[in-house]
Number of protein chains: 2
Amino acid sequence: MTRQGLLIVISGPSGAGKGTVCRALLEKCPELVLSVSKTTRQPRAGEEDGVNYFFVSREDFEDSIANGDFLEYAYVYGQYYGTPRSTVENLLNDGRDVILEIDTQGAMKVMEAFSAGIFIFLMPPSGEELRSRIINRGTESEESLNRRLSAAANEVSLAPKYDYIVVNDRVESARDKIAAIIQAEKLQVSRNSDLIEAIAEEVKS
Amino acid sequence: MTRQGLLIVISGPSGAGKGTVCRALLEKCPELVLSVSKTTRQPRAGEEDGVNYFFVSREDFEDSIANGDFLEYAYVYGQYYGTPRSTVENLLNDGRDVILEIDTQGAMKVMEAFSAGIFIFLMPPSGEELRSRIINRGTESEESLNRRLSAAANEVSLAPKYDYIVVNDRVESARDKIAAIIQAEKLQVSRNSDLIEAIAEEVKS
């Protein structure tokens, strides 16, 4: 029997550095699969369709919603973002460990749908650092920037709902901590009952 | 406020390689402290008082029992083994992470006394390997050997009571898995509420 894969949700406030840490993690652990989300927003400079997101039309997205084809979706800053349900479920059933990099709104929905998921809150090293990262991103209008700052404060207040907190002070350090979490989760007794039974049988015989 | 240390219990059947793995772990992570047990058994070749065990008389040990001075103790193969309670508690209060290397009987008692402990079951790679390790230890009488083999089978059946299972196929691999478990446990949300509150305050202000 193939062991079910782990769903690892990496989330946190805008400006916490989710994208950078996830890229570093996937480079270090090439056996992990990143779930690619669908979105209706325009690609930013350097973003590729099918790699960063599947960039789809609003009509396409709303059809998928109607068909129940999202594990979670959210409407943020006037755009849709969503995780295709069937893609993730197929990967998990094949024993692949899947990384979901999503905002906190999405993570809250995945907590309801997949309580067996591993929920990691990526935290900026300080509130001040979070502010300057959001400001320095520089791709936002002033209105959008203020909305993001206020949203970030609300998002940090969701951290206690997660399983783990990883402070993103250095990318390599945050990456290694997430890798340790994944390794430790795989060693949990509840995920190894087949192994225990097999060895218990061998000792008896 | 000093953060409370973690109590990490490394346990498993006789012959699982607890001693070797713990030594490797302490070498890799010198910030960990090994709790030294008291015992009434005779030192084996190469064992040092105060390093491997505190070797004490039966009278001394029974006095300590009477004074409630053991976190756990057990009477195994005609000898006492016990973990001095105050030593461990002082270390944890100082924020030190303490490793307890104990047999499964002791671990069951620590589970009752310290439910916040992290219980790791060190498993030999196979039942056959476990048998040959016990036989090859060669420090036992035949009667003692048979008792150990039968006890090992019972001990493996206790594995589901632990938090984590680490298969000791290679010492370095088992050591690194335990290090990952310790790191992951420290990242658990429940152990970081002070940090979350501090950052939430900073973002708001």
Practice task
Considering only heavy atoms, give the residues of residues 25-37 of chain B separated from chain A by less than 4.5 Å, sorted numerically, with 'none' for an empty result.
Solution key: none

Exercise for the section: Under 4.5 Å, heavy atom to heavy atom: which of residues 183-190 of chain A reach chain B? Give them by number, or say none. Expected result: A:Gln183, A:Ala184, A:Leu187, A:Gln188, A:Val189

Practice task
Would you mind checking which part of B:Leu130 comes under 4.5 Å of any heavy atom in chain A, side chain (CB onward), backbone (N, CA, C, O), both or neither?
Solution key: side chain

Completion exercise
Applying a strict 4.5 Å limit to non-hydrogen atoms, the region of B:Asp176 in contact with chain A is backbone

Give me the atom names and distance for the closest heavy-atom approach of [X] to [Y].
X	Y	answer
A:Leu195	B:Val167	CD2-CG2, 3.5 Å
B:Ile199	A:Met123	CD1-CG, 3.5 Å
B:Ile196	A:Val156	CG2-O, 4.2 Å

Enclosure of [X] [atom1] (heavy-atom neighbours >12, cutoff 6.0 Å):
X	atom1	result
A:Glu172	CD	yes
B:Tyr162	OH	yes
B:Glu128	CD	no

Exercise for the section: Sort out for me which of B:Glu155, B:Lys177, B:Arg191 touches chain A most, counting heavy-atom pairs under 4.5 Å. Expected result: B:Lys177

Contacting region of [X] [heavy-atom separation from chain B under 4.5 Å]:
X	result
A:Pro125	backbone
A:Ile181	both
A:Ser126	both

